[in-house]
Chemist: 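Supplied in structure tokens, the structure appears directly below.
Numbers here simply count residues along the sequence, with the first being 1.
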Amino acid sequence: MAHNAPPKNDKGKKSKSFDMSRYKQRHIALRMAYLGENYRGLAVQENVPDTVEAMLFNALQKTCLITDTKTCHYSRCGRTDKGVSAWGQVVAVHMRSNLKEGVEFVATEKDAPSASTTADQLPLSDCTVSQNTLSASPTSPIASAATTCSSSTITTASCSSSSSPSSSLSTASGNPNARELDYVQMLNRVLPFDIRVLAWAPVDADFSARFSCAGRVYKYFFLKRDLDIDRMREASQLLVGEHDFRNFCKMDVVHVSNFVREIRDFTIEPCSPHNCDQPTSLWVATISGTAFLYHQIRCMMQILFEVGARLEECDVVKTMLDVEVTKNKPQYPLASEVGLVLWDCQFPSLQWSSTVEAQRLLMAKLLEVYEDRIIKSTMVGAMRAHLQTEMLFSSLHSSGRTAHNVRWKDMEEPPQKRKYVPLMQRDTEPHFEQRVESLSESKKLKRDSNLKKGGESGADVGGQLLRVAYTVCALYSCPCSFCGMVYEADGVGAARSVLCVWVICAAVLMKWCACLAEQADWHL
């Protein structure tokens, strides 16, 4: 994604290309949030413009914080699929700095310019982004703020609590990063409204957002419907601990050879204590662990939904975890991606920073999006209620029955489905050895190369080594606490499905706002 020809300005003249070698660079970690419904996953893909990273790289280049993606030493913590959202995603990248001394810089080919020429004095003609780009636009509604940080900087401390993002906000004076570029506002000006940078932190040159992470927390929001929550809770506790999860993931034998992962905690709680027994009440599953396999969360949730629907016994989880008994994974669908949120990537030693103004603008944007979603969800709810009334009276008129003989549940029951086949009686997928044997020669070579380099097993080793550090750092975590939520969109009927999506998206946004308010000691 390197620059092509420099863009022309309004007068038709070519803009002067940006020379990154004139400025010092730092290795910076960014904490991000995004709603995944409009994107085809996090990771950048060839000829796929609508990914989160494609938008991020475009914003980094527009603001002249990087020159290209090949030399910026980029790393990500967790790769999310199409439709999956995030509140605590962390990426790391080499970025242009406003500072000349007092902090750790990364090696560059040339020395930085003299102190008389600072980065905040960089003329727009020297950068590929124009003044119009930095102003308000339909995809970047936040346009008011200074480019550099004010003297009052918000510094965040780490929190390793499994139920909250690993940072809290407190105003700090004398912060050495107070004169640094305001990375949060610079990027949020040019990012789409549903991708936000929350904070930044300076990191060592060898920091990896993937391998330096001490733990990850996911949340999954869903409607209760007629699910037996107690059964789901009982089955979820069988997943806690260190297990071989090859029957709870999409098996990738080219890159992964070790399917053992550790789940530290698994809870299922109502999002609100009021009317939590109603079929339309929102619940959230919170899963924390060192690392997760491809589609592991959605596979686990699908099995729990079948247990909660009384289609399977709780012991089916134990049976599937025993890879000697269940060598081949039964075929079953994935739970919907709509309710899944990467809630926290835990880095206990990082000190996150942002300005007060950047946090207030972020709060305002989240409230704006929340208002839009809650209005739409309420509209769909009203339509559904009206449709129920019409269906009731139509049924009474055609059948001659009275209102006492018709239940609301009769109006909501879905069409008859095919007879349920128990998991252990279904067709199975090839087991690990069969998959390896069926690989093409090119994929076998790639797999052997990954094994020699460490491949995915490197993440496993990193997770093992970080457990001790995580346990120690947890003793010094901040007391920030709040609940979160996530969802499954398998609605009964189109109206109910749309209602589910809007209600849950609005609920997630409201929790994000509540999180910011609590961290910064604000009040909604």
Chemist: Passes side-chain contact (heavy atoms from CB on, under 4.5 Å), Cys299 versus Leu334? Steps please.
Modeler: CA-CA 5 Å; Cys299 284; Leu334 292 173; 3.4 Å; yes

Chemist: Would you call the rings of Phe207 and Phe347 parallel, tilted or perpendicular, taking 30° and 60° as the class edges?
Modeler: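 Phe207 and Phe347: tilted rings.
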
Chemist: Quick one about Thr290 and Glu262 (side-chain donor to acceptor, distance below 3.5 Å, no hydrogens or angles considered), yes or no?
Modeler: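 The criterion, which ignores hydrogens and geometry beyond distance, is not satisfied for Thr290 and Glu262.
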
Chemist: Counting N and O atoms only, with roles assigned by atom type, does the side chain of Gln237 sit under 3.5 Å from a partner on the main chain of Phe266, one being a donor and the other an acceptor?
Modeler: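 Yes, Gln237 side chain to Phe266 backbone: donor-acceptor pair under 3.5 Å.
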
Chemist: Below 4.0 angstrom, N of the basic side chain to O of the carboxylate: do Arg233 and Glu269 qualify?
Modeler: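 Glu269 and Arg233: salt-bridged.
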
Chemist: Gln351 side chain to Ala201 main-chain N or O, any donor-acceptor pair under 3.5 Å?
Modeler: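 Here the side-chain-to-backbone pair does not exist.
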
Chemist: Between Leu293 and Val256, is there a side-chain heavy-atom distance shorter than 4.5 Å?
Modeler: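 Yes; the side chains approach each other to less than 4.5 Å.
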
Chemist: Could you give the distance from CD1 (Ile28) to CG (Leu65), rounded to the nearest 0.5 Å?
Modeler: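 So the CD1 of Ile28 and the CG of Leu65 are separated by 10.0 Å.
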
Chemist: Just by distance, do the side chain of Gln45 and the backbone of Arg40 share a donor-acceptor pair under 3.5 Å?
Modeler: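 Yes, Gln45 side chain to Arg40 backbone: donor-acceptor pair under 3.5 Å.
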
Chemist: If you draw a 6.0 Å radius around CD in Glu371, do more than 12 non-hydrogen atoms from other residues or ligands fall strictly inside?
Modeler: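 Check fails, neighbour count at 12 or below.
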
Chemist: Which pair of heavy atoms, one from Arg96 and one from Met186, lies closest together, and at what distance?
Modeler: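 Of all heavy-atom pairs spanning Arg96 and Met186, the closest is NH2-CE, 4.0 Å.
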
Chemist: If the threshold is 4.0 Å, N to carboxylate O, is there a salt bridge linking Asp68 and Lys70?
Modeler: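 Salt bridge absent between Asp68 and Lys70.
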
Chemist: Report yes or no: do Ser281 and Trp283 form a side-chain donor-acceptor pair below 3.5 Å?
Modeler: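 Per modelled atom types, Ser281 and Trp283 side chains form a pair under 3.5 Å.
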
Chemist: Give me the atom names and distance for the closest heavy-atom approach of Ser97 to Leu99.
Modeler: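 The pair with the smallest heavy-atom distance is OG-N, 3.0 Å.
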
Chemist: Please answer whether the main-chain N or O of Asn38 pairs with a side-chain N or O of Asp50 as donor and acceptor at a distance below 3.5 Å.
Modeler: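 No.
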
Chemist: Using a 4.5 Å cut-off on heavy atoms from C-beta on, say whether the side chain of Val52 contacts that of Met32.
Modeler: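 When only atoms from C-beta onward are counted, Val52 and Met32 do touch, with a gap below 4.5 Å.
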
Chemist: Closer than 3.5 angstrom, by distance alone: can the side chain of Ser75 be matched with the main-chain N or O of Ala209 as a donor-acceptor pair?
Modeler: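 Pair found, side chain donor or acceptor close to backbone of Ala209.
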
Chemist: CG/Leu42 to OG1/Thr80 distance, rounded to the nearest 0.5 angstrom?
Modeler: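 With rounding to 0.5 Å, CG (Leu42) is 4.5 Å from OG1 (Thr80).
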
Chemist: Measure across Ser354 and Val184 and return the closest heavy-atom pair with its distance rounded to 0.1 Å.
Modeler: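 Where Ser354 meets Val184 most closely, the heavy atoms are OG-CG2, 3.8 Å.
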
Chemist: Suppose we screen for salt bridge (charged side-chain N to carboxylate O under 4.0 Å, His left out). Which residues come up paired with Arg76, at least two apart in sequence or across chains?
Modeler: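 Expected list: Glu53.
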
Chemist: Once rounded to the nearest 0.5 Å, what's the spacing between atom CE of Met251 and atom NE2 of His295?
Modeler: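 Separation between the atoms: 14.0 Å.
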
Chemist: Hey, are Glu368 and Lys365 close enough for a salt bridge, meaning a charged N less than 4.0 Å from a carboxylate O?
Modeler: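 Result for this pair is yes, salt bridge flagged.
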
Chemist: Would you check if Asp194 and Tyr39 make a side-chain contact, meaning some heavy-atom pair closer than 4.5 Å?
Modeler: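 Counting from C-beta outward, Asp194 and Tyr39 do come under 4.5 Å.
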
Chemist: Parallel, tilted or perpendicular: which describes the rings of His243 and Phe245, with under 30° parallel and over 60° perpendicular?
Modeler: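 Perpendicular: the ring planes of His243 and Phe245 meet at over 60°.
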
Chemist: Taking the side chain as every heavy atom from C-beta outward, state whether Asp81 and Glu337 have any pair of such atoms under 4.5 Å apart.
Modeler: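 Side chain of Asp81 against side chain of Glu337, heavy atoms only: no contact under 4.5 Å found.
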
